[in-house]
Amino acid sequence: MSETIIGVVGAGTMGQGIAQVVVASGFTARLYDVADEQLSRAQGKIDKGLSKLVAKEKMSEADKNAALERLNTSTALEALSDCDIILEAAPEQPGLKEKLFRDLSHLSSDAILASNTSSLSLTRLAAVCERPERVVGMHFFNPVPVLKLVEVIRAEQTSDDTVKRIEQLAHDLGKTAVPVGDSPGFAVNRLLVPMINEAAFLVQEGAATPDAVDEAMKLGAAHPMGPLALGDLIGLDVCLAIMEVLQEGFGDPKYRPCPLLKRMVDAGYLGRKSGRGFHIYD
């Protein structure tokens, strides 16, 4: 078992998924969030996720209990001071992430700081840190315990050693690292989210219902999930934020967010996490 201690910042959907994979892979995880309630919720979901692995005979009950013992939670950022690698999975807000990276840089000058950002500039995040060469992107995909891809994004300042260590960590977590450049949306989201946005335009224009769009893409393009159902899974607020980053980053009108998508986010219809998006969920 590795002695590496991994910090995870943010106990939302992505953070708890990352923390689950970390402890299931034999690492100690320090999970930080500003809210005790969110940490308790994350612990419960991680327990449930590991129990599913036991039920599928992919993990023993003893290994599950050992994994849970490697999970530590705290509302104090200082709890991450002994971490070798810190994976940031906070909300997709540039100001919040920059403050976190500035604080984490002061907290630990030796740790690698990796962001799970889905679209923001790693070069900008690195610029606020004392050791920018130790900043890198490590973009997981939801659901983290299931999907194998990790986009590894090199900022202008990122060192070769930092990239090598993050690629090794991805391997140790059972993931496949794919290197991509520090461009708005990186690779997957630059292709994927505009498709979701265009599907929203179809609904807005009355060209097709959400069910029709999703069924057509499953049957006609062999997608396992339709684009609007996928947007609901990702979170429509996250999709909107990515479109805004693409529009600002490229200045190209083809990245204009669909007005219907904006209205749905304003209404709190965010997808699965709110119970309603383009589809209704229990």
Side-chain angles (χ1 to χ4, degrees), residues 2-12 14-16 18-19 21-22 27-35 38-39 70-140 150-173 175 177-186 241-242 245 248-249:
S2 174
E3 298 294 328
T4 302
I5 300 174
I6 299 175
V8 180
V9 176
M14 295 302 293
Q16 66 198 23
I18 293 169
V21 170
V22 166
F27 296 96
T28 294
R30 305 244 194 277
L31 180 59
Y32 161 83
D33 198 278
V34 294
Q38 185 63 41
L39 288 169
R70 291 192 291 272
L71 177 65
N72 305 302
T73 64
S74 179
T75 56
L77 200 63
E78 291 74 22
L80 306 181
S81 61
D82 65 341
C83 293
D84 302 287
I85 298 172
I86 299 175
L87 307 178
E88 171 271 317
E92 198 77 346
Q93 301 168 13
L96 172 62
K97 288 185 184 285
E98 287 177 17
K99 183 181 185 307
L100 274 170
F101 269 69
R102 189 178 293 108
D103 292 344
L104 291 168
S105 179
H106 294 323
L107 182 69
S108 175
S109 61
D110 293 329
I112 288 178
L113 304 181
S115 177
N116 182 59
T117 179
S118 55
S119 58
L120 299 178
S121 168
L122 271 301
T123 298
R124 283 183 59 180
L125 288 178
V128 305
C129 296
E130 293 182 355
R131 298 190 64 183
E133 72 278 5
R134 300 180 76 84
V135 175
V136 67
M138 192 175 189
H139 182 211
F140 294 83
V150 171
E151 287 182 319
V152 176
I153 304 103
R154 178 193 290 266
E156 289 296 325
Q157 307 94 320
T158 307
S159 70
D160 290 342
D161 181 65
T162 295
V163 171
K164 182 178 179 181
R165 287 184 62 187
I166 288 299
E167 288 178 339
Q168 181 61 51
L169 175 61
H171 178 269
D172 293 341
L173 297 179
K175 304 300 182 184
V178 174
V180 296
D182 188 18
S183 176
F186 312 130
I242 293 171
V245 168
E248 178 184 357

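Here the structure is a predicted model, which is why all the values come from computation and not from measurement.
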Any donor and acceptor pair, going by atom type alone, linking the side chain of [X] with main-chain N or O of [Y] inside 3.5 Å?
X: Ser119; Y: Ile242; result: no
X: Asp182; Y: Thr123; result: yes
X: Asn116; Y: Phe140; result: yes

Task: Residue list, side chain to side chain donor-acceptor pair (under 3.5 Å) with Gln168, at least two apart or on another chain - done: Asp172

TODO: May I ask you to test the Leu122-Val136 pair for a side-chain heavy-atom distance under 4.5 Å?
DONE: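 Contact flag for Leu122/Val136 side chains = no.
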
- [ ] Measure the shortest side-chain to side-chain distance between Leu96 and Pro91 over non-hydrogen atoms and say whether it is less than 4.5 angstrom.
- [x] yes

Residues which pass salt bridge (Lys or Arg N to Asp or Glu O under 4.0 Å) with [X], listed by chain and number, not counting sequence neighbours:
X: Glu98; answer: Arg124
X: Glu133; answer: Arg131
X: Lys99; answer: Asp103

TODO: With sequence neighbours left out, write down each residue that passes side-chain contact (heavy atoms from CB on, under 4.5 Å) with Ala126, or none if nothing qualifies.
DONE: Pro132, Val135, Ala155, Gln157

Open item on the list: Holding to side-chain contact (heavy atoms from CB on, under 4.5 Å), I want the full list of residues that pass it with Ala241, two or more places apart in sequence or in another chain.
Closed with: none

Give me the atom names and distance for the closest heavy-atom approach of [X] to [Y].
X: Leu107; Y: Glu78; value: CD1-CA, 3.8 Å
X: Ala89; Y: Ile18; value: CB-CD1, 4.2 Å
X: Leu113; Y: Ser105; value: CD1-N, 4.0 Å
X: Pro179; Y: Glu167; value: CB-OE2, 4.5 Å
X: Gln16; Y: Ala11; value: OE1-O, 3.4 Å
X: Phe186; Y: Thr117; value: CE1-O, 3.3 Å

Give, for atom [atom1] of [X] and atom [atom2] of [Y], the distance between the pair rounded to the nearest 0.5 Å.
X: Ser108; Y: Ile85; atom1: OG; atom2: CD1; value: 11.0 Å
X: Leu31; Y: Ile6; atom1: CG; atom2: CD1; value: 12.5 Å
X: Tyr32; Y: Leu80; atom1: OH; atom2: CG; value: 8.0 Å
X: Arg30; Y: Ile5; atom1: CZ; atom2: CD1; value: 4.5 Å
X: Arg134; Y: Leu104; atom1: CZ; atom2: CG; value: 13.5 Å
X: Glu151; Y: Met138; atom1: CD; atom2: CE; value: 12.0 Å

TODO: Please report the C-alpha distance between Val21 and Lys175 in whole Å, then the side-chain angles of each, then the deciding distance to 0.1 Å, and finally whether the side chain to side chain contact (heavy atoms under 4.5 Å, CB included) criterion is met.
DONE: CA-CA 10 Å; Val21 170; Lys175 304 300 182 184; 4.2 Å; yes

- [ ] For side chain to side chain contact (heavy atoms under 4.5 Å, CB included), just list the numbers for Ser118 and Glu92, CA-CA rounded to whole Å, side-chain angles, deciding distance to a tenth of an Å, and then say yes or no.
- [x] CA-CA 8 Å; Ser118 55; Glu92 198 77 346; 3.1 Å; yes

TODO: Check whether more than 12 heavy atoms from other residues, nucleotides or ligands sit under 6.0 Å from atom CD of Glu156, and answer yes or no.
DONE: no

Task: Over 12 non-hydrogen atoms of neighbours within 6.0 angstrom of NE2 in His171 - done: no

